[in-house]
Visitor: 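Pasting a structure here, questions to come.
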Amino acid sequence: MIPDLLEPLARLVSTADAIEGLRDLFAAEEPLDDIAARVAETAVAAIPYADAVSITVLSWPDARAAACTDDRALELDLQQYASGRGPCLQAAWQRAPVRAVIGEQQQRWPEFVEAAQKVGIRASLSVPLLIGGIDEEQELVGSLNIYSQTAAAFDPFDAQLMRLYTVAAGQAISNAGRWQHSRETVTQLEAALTSRSDIDMAKGALMAVHGCDPGEAFARLVEESQRRNVKVRDVAVELLARLTVSP
């Protein structure tokens with residue numbers, strides 16, 4: 001094989017292995033940040049000179065770091081969120097890979113450059129995380145951010161490899177987000193049902209004690225709730241607790 005093709009082939013194999021490593025994440029029922037952490041850890045092995053990797057998740061107009069493999073990456077991401085500019089946000093907004101050599105970006109992102117120089121980062125590559133195939137209409141999740149201590153790190157070939165990787169990674173993160181949303185919805189429904197049960201039992205107790213109808217019993221609970229500025233369910237729980245300990 002032609003020697004000049006050996007290095008790109010090795011990088012392609014590394015990325016293919018990393019994508020293969022994401023396969024189990026599609027079916028994983030784990031919180032979003034746990035999935036993001038595993039995606040970031042896998043990405044470290046997928047590209048040469050990657051010293052730190054982070055994942056930015058956008059929830060307009062806010063951004064947050066869902067995962068990082070090194071505190072330096074977290075520090076740089078937080079700085080970009082605070083200043084509202086930097087490669088991780090630029091990649092997400094433009095929906096295109098952004099490579100930066102730190103020493104060349106002083107005018108463009110002064111806050112980011114200063115923070116990067118303090119922690120010894122000399123190059124970065126940020127790639128948008130998108131849901132959907134390469135040729136389909138895509139929904140933006142955020143960005144995958146790779147930081148290196150080597151100024152010559154990353155090139156257009158690496159950017160395209162990471163674009164392929166993020167197609168799989170974005171889908172895994174999206175699945176985790178939907179699973180987490182479903183879990184939160186179930187938890188909210190369970191809490192609502194529990195709250196309703198407590199209120200109904202308290203109403204029944206008031207009806208038995210005062211000989212009132214359901215509407216009047218509920219009005220008593222609401223009046224007490226407003227007077228004390230606490231939730232109706234809390235008033236109901238306290239009432240039931242008092243009845244339980246009474247002789």
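Side-chain atoms are counted along with the backbone in the values below, which use heavy atoms only and exclude waters and symmetry mates.
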Visitor: What pairs with Ser143 under side chain to side chain donor-acceptor pair (under 3.5 Å), at least two apart in sequence or on another chain?
Guide: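 Expected list: Asn145.
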Visitor: Any heavy-atom pair between the side chains of Val113 and Gln117 that's under 4.5 Å?
Guide: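 Yes - at least one pair of side-chain heavy atoms lies under 4.5 Å apart.
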Visitor: Just grab all the salt bridge (charged side-chain N to carboxylate O under 4.0 Å, His left out) pairs involving residues 97-112, residues at least two apart or on different chains.
Guide: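 Only Arg85-Glu111 qualify under salt bridge (charged side-chain N to carboxylate O under 4.0 Å, His left out).
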Visitor: Please find the pair of heavy atoms, one from Pro97 and one from Ala159, that lie closest to each other, and give the distance.
Guide: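 For Pro97 versus Ala159, the nearest heavy atoms are CB-CB, 3.9 Å.
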Visitor: Would you call Arg38-Glu41 a salt bridge at under 4.0 Å N-O?
Guide: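 Result for this pair is no, no salt bridge flagged.
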Visitor: Any heavy-atom pair between the side chains of Gln90 and Trp109 that's under 4.5 Å?
Guide: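 Side chain of Trp109 against side chain of Gln90, heavy atoms only: contact under 4.5 Å found.
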Visitor: Testing the basics here: between Ser148 and Ala153, what is the closest heavy-atom pair and its distance to 0.1 Å?
Guide: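 Result for this residue pair: OG-CB, 3.4 Å.
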Visitor: Does Arg220 form a side chain to side chain contact (heavy atoms under 4.5 Å, CB included) with His210? I'd like the steps, not just the answer.
Guide: CA-CA 11 Å; Arg220 286 174 179 262; His210 298 286; 3.8 Å; yes
Visitor: Kindly indicate, with the supporting measurements, whether the criterion side chain to side chain contact (heavy atoms under 4.5 Å, CB included) is fulfilled by Tyr147 and Ser54.
Guide: CA-CA 8 Å; Tyr147 298 105; Ser54 68; 3.9 Å; yes
Visitor: What do you reckon, is CZ of Arg122 surrounded by more than 12 foreign heavy atoms closer than 6.0 Å?
Guide: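 Counting neighbours around CZ of Arg122, 12 or fewer heavy atoms of other residues, nucleotides or ligands fall under 6.0 Å, so no.
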Visitor: Please identify each residue that fulfils side-chain contact (heavy atoms from CB on, under 4.5 Å) with Glu238, with sequence neighbours left out.
Guide: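 In terms of side-chain contact (heavy atoms from CB on, under 4.5 Å), with neighbours along the sequence ignored, Glu238 is linked to Arg228, Arg242.
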Visitor: Between Gln79 and Ala115, which heavy-atom pair has the shortest distance, and what is it?
Guide: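 Heavy atoms only, the tightest pair is CG-CB, 4.0 Å.
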Visitor: Can you give me the closest heavy-atom contact between Ala66 and Val57, atom names plus distance?
Guide: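 Distance-wise, the nearest heavy atoms are CB-CG2, 3.5 Å.
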Visitor: Roughly how far, to the nearest 0.5 Å, is the OG atom of Ser83 from the CG atom of Leu78?
Guide: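 It comes to 11.0 Å.
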Visitor: Please check if the side chain of Gln149 supplies one atom and the backbone of Asp51 the other of a donor-acceptor pair under 3.5 Å.
Guide: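 No, Gln149 side chain to Asp51 backbone: no donor-acceptor pair under 3.5 Å.
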Visitor: Counting C-beta onward and ignoring hydrogens, is there a side-chain heavy-atom pair between Gln94 and Pro128 closer than 4.5 Å?
Guide: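 Counting from C-beta outward, Gln94 and Pro128 never come under 4.5 Å.
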Visitor: The criterion is side-chain contact (heavy atoms from CB on, under 4.5 Å); which residues satisfy it with Val44, sequence neighbours excluded?
Guide: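 Val53, Thr69.
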Visitor: What's the spacing between Glu75 CD and Asp70 CG if we round to 0.5 Å?
Guide: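 Taking CD in Glu75 and CG in Asp70, the distance rounds to 10.0 Å.
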Visitor: Not counting sequence neighbours, which residues clear side-chain contact (heavy atoms from CB on, under 4.5 Å) with Gln160? List them please.
Guide: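 Result, side-chain contact (heavy atoms from CB on, under 4.5 Å) vs Gln160: Arg163.
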Visitor: Work out which heavy atom in Leu89 is nearest to a heavy atom in Ala63; give both atom names and the distance.
Guide: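 Taking Leu89 first and Ala63 second, the nearest heavy atoms are CD2-CB, 4.2 Å.
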Visitor: Please step through side chain to side chain contact (heavy atoms under 4.5 Å, CB included) for the pair Asp155 and Asp158, ending with a clear verdict.
Guide: CA-CA 5 Å; Asp155 59 25; Asp158 292 322; 3.3 Å; yes
Visitor: Apply the test side chain to side chain contact (heavy atoms under 4.5 Å, CB included) to residues Ile102 and Phe112: give CA-CA distance (whole Å), side-chain angles for both, the deciding distance (0.1 Å), then the verdict.
Guide: CA-CA 8 Å; Ile102 303 305; Phe112 170 70; 3.5 Å; yes
Visitor: Can you name the residues that form a salt bridge (charged side-chain N to carboxylate O under 4.0 Å, His left out) with Lys118, not counting sequence neighbours?
Guide: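 Salt bridge (charged side-chain N to carboxylate O under 4.0 Å, His left out) check on Lys118 returns Glu114.
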Visitor: What I'd like to find out is whether the side chain of Tyr81 reaches to under 4.5 Å of the side chain of Asp62, using heavy atoms alone.
Guide: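 Of all side-chain heavy-atom pairs linking Asp62 with Tyr81, none is under 4.5 Å.
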Visitor: Between Ala91 and Val127, which heavy-atom pair has the shortest distance, and what is it?
Guide: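 Closest heavy-atom pair between Ala91 and Val127: CB-N, 4.2 Å.
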